[in-house]
Enquirer: 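Structure in structure tokens, see below.
For ligands, and for the atoms within them, numbers begin at 1 and follow the listed sequence. On a predicted model such as this, the values are computed, not experimentally measured, just so you know. Every heavy atom of this structure was used, including side-chain atoms; hydrogens, water molecules and symmetry mates were not.
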Amino acid sequence: MSKLASTFRPLLLIPILFFATELTCPDFLGAGLGIMLVSGAEVVNLGSKTHSENLFVVNKELAPDGFQRSTVLVGSSAYDGVFPGPLITGTKGDRFKLNVTDLLTDSTMARSTSIHWHGLFQKTTNYADGVSFVSQCPIVANHSFMYDFQVPDQAGTYWYHSHLSVQYCDGLRGPIVIYDPLDPHRLLYDVDDESTVITISDWYHDTSYELIAKRAALAADATLINGKGRYAGGPNVPLEVINVEYGKRYRFRLISMSCGVDHGFSIDGHNLTIIEVDGVNTQPLTVNYIQLYAAQRYSVVLHANQKPDVYRVRALPTSGVGAANFTNSVNSGILRYKTAPGPADREPTTSQQTDIVALDENDLRPLELPGAPGKPYPGGADLVLNLTMGFGVAPGASAPAFFMNNVTYVSPKVPVLLQILSGKQRAQDLLPSGSVYTLPRNKVIEINLFGGDAIGGPHPFHLHGHAFDVVKTSSSSNYNFVNPVRRDVTLVNQNGQTTIRFVTDNPGPWFLHCHIDPHLEAGLAVVLAEDTRDTKAVDPVPNGWQNLCPIYDSLTSDQLP
Ligand SMILES: [Cu+2]
């Protein structure tokens, strides 16, 4: 996996007055101290590091599974788009200036783009959340946009992906790791670097437009582990090899970069001790099988204490979707001990554990400050919002769609943030009509997500701008207010109920949506507009952001999106 160098490059396409002096100190000084210097309109985190990176979005022919297709990729130069995208790393407290340049030309896929930094809260920088038509207009071809944000109080495993239509299915997905020098779990593992990031992706031979046009259940052609994998009946292309040394403990950072398919993850002969979920440290929990849903992440410690050999890494797509087996090593990677006998490309013949200990989300406990905000009973919040999902053909419509409280989310022409900055503050004034819910500031919010007849579940729901406490998961009939799992993607089953709690401490419009990307495209989303009155003051936008909509709106119809 390529890693972006954290060098300080000259920055282009942004007025010089916009950024403050970059202050650099050793990473350890910046971490966790939270010393802030307010200098004019700029807030500079003293001792933090600034990562100035150039990201280029390009079309490239790629055959990660042996089947060649045109893709949409990210690269650190205009010529080296890669899958997965370059690993972006930083340390808690750091600032990121990520300049995205769109060089897309292939009209069989979207040529505009925007990038969401999944799981990072974007406090005071809602404009940098990267959601097309919620927090920005898309970046159009041959233009650039600078995402400039800080990560003052988060560490863990994250990722980035396109948030325009279903473009990320075409390849625009990459990992982010925010390290914490004071990680409370640091004594539990020996190795945690770019070699321990494990991305799991569904991969399609059809373009995203073709996937939508088919309107069929999502059937991935291949599962890619760190960008490598095979498809059923395809050639024996190389599998991903994860190298370990006997006796060491590895912090593997599992990232589902799925467009929709979920995967049963396991490594033959080895336990996995979960220590982090979606950027939230957990009490260690040892399992050997994790069902990984779209956009979820887990840090797991693997102790390389088995006989030095090669072991199969398994990522089995949900039954009935794609090739749900391991024939010819589809859905597989390799865990290889340094002293394993045989040639370097030897494939494992190991068997899956027969004593499966599968993760039950209800067993996960936050390590720090466990407990949901609000009172310990259903409805014990300042505001309760009920959202019921649905699926069907609306009167007058030609195709089925998803609903949230009977409304199908359709992207507005003007981003919700721009509407708010233009003075619209009430839900009834904000578009898309019926899809925007306003929330008051500094209140405990409880959201009941009712699955209704929303088919194709479970639906992994993601809230931007927050992690939430899942006081009732889809798989339990009990509530837990004392120490429920805290994360940013959780499941809602068809006809099920999931209840989450969070505090509105982050003004701005935040997307709440199913992370099965074609479901989002078919309307399974709402916008939670937090504290619309103060958003303008709290979330100032740079000039480059204000230019996005006029440029996008000047595209001709054959250039959209
Ligand atoms: Cu869904």
Enquirer: Quick test of your reading of the model: are Arg441 and Asp531 salt-bridged, counting only N-O distances below 4.0 Å?
Expert: yes

Enquirer: Is Arg173 reaching over with its side chain to a backbone N or O of Met257, donor-acceptor style, under 3.5 angstrom?
Expert: yes

Enquirer: When Ser70 is tested against each of Asp106, Asp170, Asn59 for side-chain hydrogen bond (donor to acceptor under 3.5 Å, both in side chains), which residue passes?
Expert: Asp106

Enquirer: Closer than 2.8 Å to the Cu ion (ligand 1): does that hold for any N, O or S atom in His515?
Expert: no

Enquirer: Hey, which N, O or S atom on His459 ends up closest to the Cu ion (ligand 1)?
Expert: ND1

Enquirer: Among the N/O/S atoms of His519, select the one at the shortest distance from the Cu ion (ligand 1) and name it.
Expert: ND1

Enquirer: Are the side chain of Asp206 and the backbone of Leu211 linked by a donor-acceptor contact shorter than 3.5 Å?
Expert: no

